[in-house]
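Notes to accompany the following structure.
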Amino acid sequence: LTTIATANPTPKSETTVAYTHQIESISEDLRSKMIGRTWQEGCPVALDDLSLLTLAYWGEDNATHQGQIIVHSTQADAVVRIFNVLYDTHFPLTSMKLMWEFEGSDDASMNANNTSGFNCRRIKNTTKWSNHSYGMAIDINPLWNPWVRGTVVDPPAGKDYVDRTIDKPGVIKAGDTVVTAFAQEGWKWGGYWKNTKDYQHFSANGR
């Protein structure tokens, strides 16, 4: 299944570039890059059940860019609509690269403030599969929207952004455009969790 909109890989002014998107199956070339890095035998989702999305996003430089993210195929259309809202409202993203480019390292991706989706991995310090392992979770600007539990912050460099009253574009806050866009598609925000706060995290089933 492929949905194609006009692509424009170079930054342009906001008045001339409309939101663009493309949905594709996982190609053989991409599979070869993912296997052993972000997917391996035993993962709870098959590569055939995932979709590659190529999406326009609004950058910190106030220009349009193209990025890629992988999600479960059942969520592809919803994610396209969500990122359309983010683009139209000029919510800035630093980066949107596939996790194989970080060798599957969640730490490396977070430190780069990279917005990401599928990555077959366990929840830290547990044996449970992360919801990212199903293609059912997305992390948005993780450096600026860290995971917080008590005094523990992940990524550690995100400690400067624990104060959620900070006035910075790209920071996610309760009830804002980002949270609302995900909620309209049935996705839940980790910032609403009771004990742990995962401000970067959105998931299709609330985990």
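For the numbers below, each heavy atom of this structure counts, side chains included, while hydrogens, waters and symmetry mates do not. Position 1 is the first residue of the sequence, and the numbers go up from there.
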Taking side chain to side chain contact (heavy atoms under 4.5 Å, CB included) as the test, write out the residues that go with S95, two or more places apart.
K97, N114

May I have the step-by-step check of side chain to side chain contact (heavy atoms under 4.5 Å, CB included) for N195 and R149, ending in yes or no?
CA-CA 7 Å; N195 297 317; R149 187 181 181 92; 4.0 Å; yes

Return the set of residues passing side chain to side chain contact (heavy atoms under 4.5 Å, CB included) with T177 (not counting sequence neighbours), or none when no residue passes.
V85, T89

I'd like to check N141 versus V171 (side-chain heavy atoms, cut-off strictly below 4.5 Å). Are they in contact?
no

Please tell me if the side chains of W147 and M110 come closer than 4.5 Å, counting only heavy atoms from C-beta onward.
no

So which heavy atom on M99 is nearest to which on S105, and how close?
CE-O, 3.5 Å

I'd like to check the ring pair (Phe, Tyr, Trp, His ring centres under 6.0 Å) partners of W187; sequence neighbours left out, ordered by chain and number.
F182

Tell me, with the steps shown, if Q200 and I172 meet side chain to side chain contact (heavy atoms under 4.5 Å, CB included).
CA-CA 8 Å; Q200 64 196 260; I172 301 167; 5.8 Å; no

Would you check if the side chain of W58 reaches a backbone N or O of D88 as a donor-acceptor pair within less than 3.5 Å?
no

Looking at K33 and D29, is any side-chain nitrogen of the basic one under 4.0 Å from a carboxylate oxygen of the acidic one?
yes

Nearest 0.5 angstrom please: L30 CG to W100 CH2, how far?
8.0 Å

Would one find more than 12 heavy atoms of other residues, nucleotides or ligands at under 6.0 Å from atom NZ of K128?
no

For the residue pair F102 and A112, what are the closest heavy atoms and their distance?
CE2-CB, 3.8 Å

Which heavy-atom pair separates P155 from P142 by the least distance, and what is that distance?
CD-O, 3.6 Å

Student check: side-chain heavy atoms of F202 and I82 closer than 4.5 Å
no

Find the distance between CG (D49) and OG1 (T74) and round it off to the nearest 0.5 Å.
8.5 Å

Grouping I, L, V, M, F, W and Y whenever their side-chain heavy atoms are under 4.5 Å apart, do V152 and W193 come out in a common cluster?
no

M136 backbone acceptor or donor facing Q75 side chain under 3.5 Å
no

Separation of M34 CE from I26 CD1 (nearest 0.5 Å)
5.0 Å

Does any N or O in the side chain of N84 come within less than 3.5 Å of the main-chain N or O of V80, such that one atom is a donor and the other an acceptor?
no

With sequence neighbours left out, write down each residue that passes ring pair (Phe, Tyr, Trp, His ring centres under 6.0 Å) with F91, or none if nothing qualifies.
none

What I'd like to find out is whether the side chain of R164 reaches to under 4.5 Å of the side chain of N145, using heavy atoms alone.
yes

Less than 4.5 Å apart, side chain to side chain, heavy atoms only: is that true for Y87 and V17?
yes

Are Y57 and I138 connected in a single hydrophobic cluster, I mean Ile/Leu/Val/Met/Phe/Trp/Tyr linked by side-chain heavy atoms less than 4.5 Å apart?
yes

Whether the side chain of R37 engages the backbone of N119 through a donor-acceptor N/O pair (distance < 3.5 Å, no angle test) should be reported.
no

Taking all non-hydrogen atoms of both residues, which atom of G135 and which atom of L50 are closest, and how far apart?
CA-CD2, 4.4 Å

Single-linkage hydrophobic cluster, 4.5 Å side-chain cutoff, I35 and V45 together:
yes

In terms of hydrophobic clusters joined by side-chain contacts under 4.5 Å, are M96 and I140 together?
yes

Using side-chain heavy atoms (C-beta onward) and a distance below 4.5 Å, is Q66 in contact with T54?
yes

Can you tell me how far the NE2 atom of H132 sits from the NE2 atom of H201, to the nearest 0.5 Å?
5.0 Å

Find out if a path of hydrophobic residues (ILVMFWY) with successive side-chain heavy-atom gaps under 4.5 Å connects V79 to L52.
no

Are side-chain heavy atoms of C120 and P44 found at a separation under 4.5 Å?
yes

To the nearest 0.5 angstrom, please state how far the CG atom of L55 sits from the OG1 atom of T20.
7.5 Å

How close do A181 and L86 get, counting heavy atoms only, and between which atoms?
CB-CD1, 4.3 Å

Which residues satisfy the side chain to side chain contact (heavy atoms under 4.5 Å, CB included) test with N125, sequence neighbours excluded?
none

Measure across N131 and A204 and return the closest heavy-atom pair with its distance rounded to 0.1 Å.
ND2-N, 4.3 Å

Output yes when D106 and R122 qualify as a salt bridge under the 4.0 Å nitrogen-oxygen rule, no when they do not.
no

To the nearest 0.5 Å, what is the distance between CZ (R121) and CD (Q40)?
12.0 Å

Going by heavy atoms in the side chains, are D160 and I166 under 4.5 Å from each other?
no

Under the ring pair (Phe, Tyr, Trp, His ring centres under 6.0 Å) test, residues paired with F83 that sit two or more places apart
none

